[in-house]
Amino acid sequence: EERVGAVTFRFTPAIFRQANLDAFERIIDQVVAFVPKGSRVCELYSGIGVIGLNVLMRTEAEWVRCSDNNPNLQGPFCAAVQTLPAPLRPRATF
């Protein structure tokens with residue numbers, strides 16, 4: 001398990017992971033700053049939802065949908081969603 005931003009993720013060897021997490025977390029901070037209250041967010045090519053789930057945790061987005069063409073990513077995404085506070089979980093989908 002690894003914490004990226006405000007969310008805990010499980011990166012298996014088959015999952016792409018940013019090599020420079022310090023720089024990536026600064027990128028996440030910048031993305032979060034651009035999301036207005038009440039937004040509906042769709043992250044395309046999301047992998048396991050590192051950006052999208054951080055947006056959900058750190059903003060007042062109505063919901064976040066993450067999408068990727070690799071069906072093997074849905075399980076790790078769902079595992080990360082389970083680490084979120086209970087009220088946020090139904091607002092995150094893959």
Nearest heavy-atom contact between Cys66 and Ser46 is CB-OG, 3.2 Å

* Between Thr59 and Ala61, is there a donor-acceptor pair closer than 3.5 Å when you use the side chain of the first and the backbone of the second? -> yes

Taking every heavy atom of Leu53 against every heavy atom of Ala92, the minimum-distance pair comes out as CD2-CB, 3.8 Å

Residue pairs meeting salt bridge (charged side-chain N to carboxylate O under 4.0 Å, His left out), one or both in residues 13-22, sequence neighbours left out, come to Glu2-Arg17

Atom pairs and distances, donor-acceptor, side-chain atoms in residues 74-86, under 3.5 Å, two or more places apart:
from	atom 1	to	atom 2	distance (Å)
Thr83	OG1	Ala80	O	2.6

Between the OG atom in Ser39 and the CG atom in Leu56, the distance rounded to the nearest 0.5 Å is 11.5 Å

In short, side chain to side chain donor-acceptor pair (under 3.5 Å) pairs touching residues 4-16 with sequence neighbours left out are Glu1-Arg10, Arg3-Thr8

ask   = Taking a hydrophobic cluster as the set of Ile, Leu, Val, Met, Phe, Trp and Tyr residues connected by side-chain heavy atoms closer than 4.5 Å, whether directly or through intermediates, do Phe94 and Trp63 fall within one such cluster?
value = no

Just do the side chain to side chain contact (heavy atoms under 4.5 Å, CB included) check on Ile15 and Phe9 with the steps written out, would you? CA-CA 11 Å; Ile15 295 174; Phe9 296 90; over 6 Å; no

Quick note, salt bridge (charged side-chain N to carboxylate O under 4.0 Å, His left out) partners involving residues 61-71, not counting sequence neighbours, are Arg40-Glu62

Is there a side-chain contact between Val50 and Phe11, using heavy atoms and a 4.5 Å cut-off? yes

Rounded to the nearest 0.5 angstrom, the CD-CD1 distance for Gln18 and Ile51 is 7.5 Å

Can you give the donor-acceptor pairs under 3.5 Å from side chains of residues 23-33 to other protein atoms, not counting sequence neighbours?
from	atom 1	to	atom 2	distance (Å)
Glu25	OE2	Gly5	N	3.1
Asp29	OD1	Arg58	NH1	3.0
Asp29	OD1	Arg58	NH2	2.7

Under a side-chain separation threshold of 4.5 Å, the hydrophobic residues clustered together with Leu44 are Tyr45

